[in-house]
Every structure is written in C-alpha cells, then in structure tokens.
Amino acid sequence: MRFLQDHANSNVYLRSLDADLALALCLSGRELLRDEPPLKLLLMSATLEGDRLSKALSDAPVITSEGRMHPVSTVWGSPYQPGERIDARVTDTCLAAINEQAGSVLVFLPGQAEIRRVAETLKEQLSSRPDVIVCPLYGDLDLNTQRAAIDPSPKGFRKIVLATNIAETSLTIEGVRVVVDSGLERVPKFDPRSGMTRLDTQRISKASATQRAGRAGRLEPGVCYRLWSESQHEQMAGYSTPEILQADLAALALQLARWGMKPEEMTWLDQPPSAPFGQARDLLKRLGALDDAGQLTPHGSAMSELPAHPRIAHMLLKGNAMGLDDLACNIAALLGEKDILRGTGADLHTRLSALSGEQHSRRSGGSLQHVKQSARQYRSLLRGKASSPVSEPDHPRWVGCLLAFAYPDRIGLQRRASASEYRLSNGRAAVFSEPDALTKHEWLVVADLGSRQGQREERIYLASDLDPALFDDELADLVRSVDEIDWDEREGMLRAERQRKVGQLVIFSTALPSLDEHARSLALVSLVRRKGIELLPWNPELRQWQARVELLRQLDSQNGQADSKWPDLSDNHLLDTLEQWLTPYLGKVTRLSHFSQLDMSSIVRNLLPWPLPQALEAQAPQAIHVPSGSSIRIDYSQHPPVLAVRLQELFGLSETPRIAQGRQPLMLHLLSPARRPVQITQDLANFWRSTYGEVKKDLKGRYPKHYWPDDPLVAEATARAKPRKA
C-alpha cells in the first residue's frame, strides 16, 4: 500500500464521502481475499495528510513527487474580524493588485452573492479602464460565460476572475499571476437534529489557502494577497473537515446495507458519526429500503442499483410502478442539477414546463440540456412495467405525489390561509423569503430548502403543491392514526382526539367520546413534566420536609454508602417517576385547577417508608432548642442548613450545634436584637474567641439597654433584652 503525493499540480486535500467509503470497502475486501494474492492499494492525492494516513493503514510508505512550481510571494492583510462583510476589502485589494502587479487576477469568494456584489462594484470602479475585464466564475453560469473566464484574455487586456471553490482545483486560467483570497468558503453541513443540510460560511484551512495561492504560480512567479493576518494564518486548521463528518449519510448507509456490513466492522479514516448515521438508517426504513431488523429489502436492493440519492431512487421506483416514468425521471433530473430557473419563484411545475418545451427561458442556459440528458439516463435505467398504473397520468397532482415519496419529512401545512410560513412534517418551520404563488396552496412538498448561520427558519427554494386527497390513496402509507390526549392550554382542560397524522402534521381529527384511563393518566403525567413539578400544590413546609430527606441522603453518599436508606425525593427524580407515585391520585383531575386539590403532603410523605419518618424527626428535626430555651426552626432550603438565631440566645454554648447524629454542623446566622445578621459562621467556638469582642462593641453602642457580657461562655442566655433577675 503506497501513497503518491504531487506538489507541482496540487489539488486541495478534500476527502469526499465516496473516497472514504471506497477505501473502507477496499480494506474490507482485502481481508476477504487474505488467502488469495494480496490486494495492493495505491492512494494518490495532491495535498495529503500523509503521516496520518500512513499510520492508519499499517505504516504504508509515502512517496512524494515535488515537481515544479513557480515561487509565489504573499501579501498579508489586516486581521479578519468574525462576521465582517468582506466585499469592500476584496474590491479595494483587487484595485490595488491591478495597479501594483502585472497579469490577470483570480479572486476567491465564498459564494455567488458575494461574486455578484463585488463584480458590480468593480465594473463601476474600473469604468475608465477598458483594458480590464471582470469575469464571474461559478457552477450556475452557462458554459459560454465560464469559458470567457477560463480562456486567455484578448491581446492587450487583463481579467479579474471572481470565483468560488470551483477554481481551487487543477483548473489553470491563462494569464493569472495574482490571487486575491478572501479566506472564506461556503460549505454544506448536515444537521441531524433537523434532517436538513444548510450552508455555512467558514474560514478555509491552511491546505486550501496553499492550494489557492498556488494558482498564481502555475505559469510564472506570482503574488497572493490574503485578507487575513499572518498570525491568524497560524491558527487555521491544517486541513478541511472530511465530508463524512458533516454530510448526509443516507447513501452511505444504503451501500453498507447492500454490502452487508456495519460501520463498526470496517476500517475508516474517520468513523461515520453515530447521530447522522442513525438518522440515515431511520430515513431508509421510512423509504422501505430497510426492514424493522435493519436488513436490506428487495426495494432497498433496487434503490441501491440506481445512481441517485436514496430519496430520489425511491421516488423513481415508485413512479415506475405507477406508470409515471417520464415525470419521475424529469423531476429526478431537475433535482440533481442546479436550479434552471432560479429567481422565478419556487414552483417545480414551471421547471417541468421549461423541460418539456412548453416554456423557454434564457436564464436556464446550458443547464436545461444537462437536465434533459440526465432525465434520459434515468429512463434508460428503469426496468419493468407499471404494476399499479394511475388514471389520468398527465394530471399535475402527481408532481406533488412523487415529491412526497422522496421527501415524506418535508410535507408542509400552511399555518394560516395565504401565509408564507409552513410547518413541515418533521416539526420544523419553513418560509418563502419572497412572495410566491404557491402560498395559495394549503399543502406543499418542499424539494429544496435550507438556511444559513443566524437564520431561525428554513427557506423554501423549490416546492410543489400537494393534493391532500392523496393521503387516502397513493400516500396512505405515510398516514398513521393516533389517539391524542392532551391539555387545551386555552381552556385549561383535558382534550381527547383521534388524529390522522403525517409525521407531526394533523390531517384530520375527531373528538373521542370516552377516555382510556391509561392514556388519560399518561396525558396528565406529560402535562406535569412539561410544566414542571411546581404545577403540583407544594407548600413551604413540604419543601422543607423534602430538603430534610435529601440532606440525609447526601450525607450517606458523602460517607461512601452506595445504597442510602433514604429514598431520592429530588424534583428531577420525582419528575422521572411520576407514573409510579402520582398516577394513582389523578382519578378526579380533569381540569388544570383540579391539581390544587391534591393532598400533596400525604402523597409525598407516603414515599418515605416506616420507620424512616421517626428517624427523620430525630436526625433532621424541624427545630432545635438553644440555651435560651427557645425552639428555633432550621432552614433546610440552603446547604448547609441554616439556624438563624439572636446572638444573646447562644450565650453559654461553646460549640456549633450539629444534626444528623453529629454529621452535619449547622450554618449559624447570628442576629442582632433587630434580627439582622451580624455574623455568619460554622465555627461558634472561634467566633467567641476571636470575633465576639469587636461585635460586642458595635452592638453595645447600638443597643445599650441589652445585655452584652464580657465572657459569653459563662453568661446566661436570654431571649429578652436582659436575663430575668433570680
């Protein structure tokens, strides 16, 4: 096993998901072929984590080819500030580079929006320089515009090429000897919590920065302007995050199921993250690719043979069974390419019309031909005749139906009539960022949505209306019937309904005439958990009782007793065990106000078995007698427990009072005659010895009629101003 590393024609080291999977499968295959002639692997990459990969693959040797590259000098910028808009700095740097350097300029920007803004400003600033051509370069552009950016400049002209990461590969743009690098990139990241992929703008890695700078030294010595400081460069990550750690893993999970392997049984450079991988398998089960045991189904096997994301493969096979091959292939092709009509609304029907020739748009450019070619390729892969052909195959309702097969978690229900906000079946919210004709429909299926950092809601970019009548027929498998018993927050009473749901969306509901007692209890318990333990009628005395039990339990734990005889009656544990201790008392609770009628004191005190109630009074008493003869209540709401007592009532007491068989000293709040704290201590003996003298001077001046003896240890304690005369 060897690695080849080429520094002359270096591509940035971007470990794709497919590359990681291919290597893991090759290593597994080599184990299976152990008795055969050994399988030899040769890994090649431009900028490679050679040491790490070599170590991960049994110290495989690394072979490096230095090659030839012209020197590139670096011009460092001022420190980059997080959240900074870089358009103005990029524009100023480009203008400086044009004036200071010869040759064309290649500018790296994170996305299309930044490219369009910088291009507009540069064209305005360079209106008096007809010899400088500003050329954008990104994937959505038509072929002719991309060629204009890549081809050599006309004689006597220079170019400023504004590009995304598309120009970070081995692509050579003739005449470029200057690079302006914003240091930013926009990358897709899969969020397992929402099941969606969003775009994040982030700092590039050192490897990527090296790759970008290398564009300036392809043909001759060049210059790279970096829009960050040299010290910030040292803090950048060495390499970009591998795709396997931040991508949708549905396709990988399907291929592993086909291979008959689990991730933990294979050798990976980076193990697939458990949360995204688990979500991927859940999606495959919803699509019918895996059975309940996680094994590949015949439908899943057919899906794995199609060169498409599992969502799209499932839709193609369902469309084929319904006799909707052409429509399914056209939708699959449209979803697999860049949007051919971006900026013309979100309705998928308009793209299908353009694809069929009913509408034409110059904006689609060469993308339309790519989509048509992809559709033809999909049609060539579908085999077999329709098993359940639909009536009226040309009806527009089938567009939404097919999309729902691919995206059952993105079926959307409008929050209110004609509103732009929809609630999706996965529980998320999605909105149209601009007015759209689709808002006249109550139900949608969203094919393309996403958000960027700082955005609370998903933005809808591509969708189709959905006929809810399909839930009774073709989409019936997505519907489940659920009996919901919950609280009506406005009415403050229990509500019972039988709901037909798609994910978290309610299609239809009817009131249940009678309540199942078990389900009713679960609803009540759920309400208490949601609102918190304070919903129950606690009183201060009961809270003190709870704290007393908790103190003795903690003391056992501190003394190393693994199993305390004192039960856990903390709020968290009570909430976790509501079913065991609260359910038997909920028989008459039907309204929120009924909770206040519960005898909470008896309910909770019954959780303390005999003879612990007696032990509680002995070890953690409610009150303690002090030398003055008073019985002073202990405050157990604080830790350690607090005894707030007037200083004069402790005369003659040499040591701090203790409870719990001497294990717990009380925290003394020593009070003035006006019951204001003058000292807080857990060491009464030290207070008498070192602090009392100063405190006495102060109190004697403020309360001259009170008794302030010189020696408090032999003085008589009193709850009055002065002791009674004998």
Side-chain angles (χ1 to χ4, degrees), residues 193 427 483-497 504 515-558 561-617 619-623 633-642 644 659-660 664 666-667:
R193 293 174 298 178
D483 287 348
E484 287 285 347
I485 303 176
D486 206 345
W487 283 88
D488 188 321
E489 298 290 348
R490 291 177 299 179
E491 298 294 333
M493 61 184 298
L494 205 59
R495 185 189 67 247
E497 292 181 341
Q504 297 188 33
L515 298 182
D516 175 78
E517 192 62 30
H518 176 69
R520 177 180 170 282
S521 296
L522 289 180
L524 293 168
V525 164
S526 176
L527 175 69
V528 176
R529 282 207 176 98
R530 190 165 65 247
K531 288 187 172 291
I533 202 75
E534 290 295 341
L535 176 64
L536 302 175
W538 294 87
N539 58 45
E541 182 181 352
L542 186 58
R543 280 300 195 184
Q544 285 286 319
W545 181 90
Q546 178 192 30
R548 291 158 62 196
V549 175
E550 186 63 22
L551 171 68
L552 296 178
R553 178 178 172 83
Q554 290 176 2
L555 291 174
D556 282 352
S557 176
Q558 293 170 9
Q561 295 183 22
D563 297 319
S564 173
K565 63 183 178 181
W566 299 97
D568 186 353
L569 299 182
S570 64
D571 284 359
N572 288 338
H573 186 74
L574 290 176
L575 281 173
D576 290 341
T577 57
L578 287 170
E579 290 83 358
Q580 285 76 46
W581 65 271
L582 183 61
T583 300
Y585 303 96
L586 297 177
K588 295 183 179 181
V589 176
T590 58
R591 304 185 68 88
L592 199 60
S593 59
H594 292 169
F595 280 106
S596 64
Q597 300 173 12
L598 294 175
D599 185 357
M600 193 65 183
S601 180
S602 296
I603 294 173
V604 176
R605 289 174 188 271
N606 286 338
L607 299 176
L608 197 62
W610 186 264
L612 291 184
Q614 286 184 326
L616 178 65
E617 296 302 324
Q619 296 187 39
Q622 296 184 60
R633 294 182 70 89
I634 301 171
D635 182 5
Y636 288 90
S637 64
Q638 304 182 56
H639 188 79
V642 169
I659 58 173
Q664 178 62 61
L666 297 176
M667 179 65 72

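Here, residue 1 is the first one in the sequence, and each next residue gets the next number.
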Heavy atoms only: give me the nearest [X]-[Y] pair and the separation to one decimal.
{"X": "Gln546", "Y": "Leu569", "result": "NE2-O, 2.8 Å"}
{"X": "Leu586", "Y": "Phe595", "result": "CD2-CE2, 4.0 Å"}
{"X": "Pro567", "Y": "Leu608", "result": "CD-CD1, 3.6 Å"}

Steps toward side chain to side chain contact (heavy atoms under 4.5 Å, CB included) verdict (Leu574, Leu536): CA-CA 11 Å; Leu574 290 176; Leu536 302 175; over 6 Å; no
Heavy-atom side-chain contact between [X] and [Y] under 4.5 Å:
{"X": "His639", "Y": "Gln554", "value": "yes"}
{"X": "Arg543", "Y": "Asp571", "value": "yes"}
{"X": "Leu551", "Y": "Pro641", "value": "yes"}
{"X": "Gln664", "Y": "Pro640", "value": "yes"}
{"X": "Tyr585", "Y": "Asp599", "value": "no"}
{"X": "Asp568", "Y": "Thr577", "value": "no"}
{"X": "Val589", "Y": "Leu598", "value": "yes"}
{"X": "Trp566", "Y": "Leu555", "value": "no"}

Output the distance between atom [atom1] ([X]) and atom [atom2] ([Y]), rounded to the nearest 0.5 Å.
{"X": "Leu607", "Y": "Ser602", "atom1": "CG", "atom2": "OG", "answer": "11.0 Å"}
{"X": "Arg529", "Y": "Leu522", "atom1": "CZ", "atom2": "CG", "answer": "9.0 Å"}
{"X": "Asp635", "Y": "Gln622", "atom1": "CG", "atom2": "CD", "answer": "12.5 Å"}
{"X": "Gln580", "Y": "Thr583", "atom1": "CD", "atom2": "OG1", "answer": "7.5 Å"}
{"X": "Ile634", "Y": "Leu666", "atom1": "CD1", "atom2": "CG", "answer": "5.0 Å"}
{"X": "Ile603", "Y": "Leu542", "atom1": "CD1", "atom2": "CG", "answer": "10.0 Å"}

Exam field: side chain Gln544 to backbone Tyr636, donor-acceptor pair closer than 3.5 Å: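 Indeed, once roles are kept as given, a pair shorter than 3.5 Å links the two residues.
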Donor-acceptor contact present, side-chain Trp538 to main-chain Ile533, <3.5 Å: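 Answer holds: yes.
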Arg633 CZ: over 12 foreign heavy atoms closer than 6.0 Å: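 Atom CZ in Arg633 is not crowded, with 12 or fewer foreign heavy atoms closer than 6.0 Å.
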Side-chain donor-acceptor pair present, Asn572, Ser570, cut-off under 3.5 Å: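 No, Ser570 and Asn572 have no side-chain donor paired with an acceptor closer than 3.5 Å.
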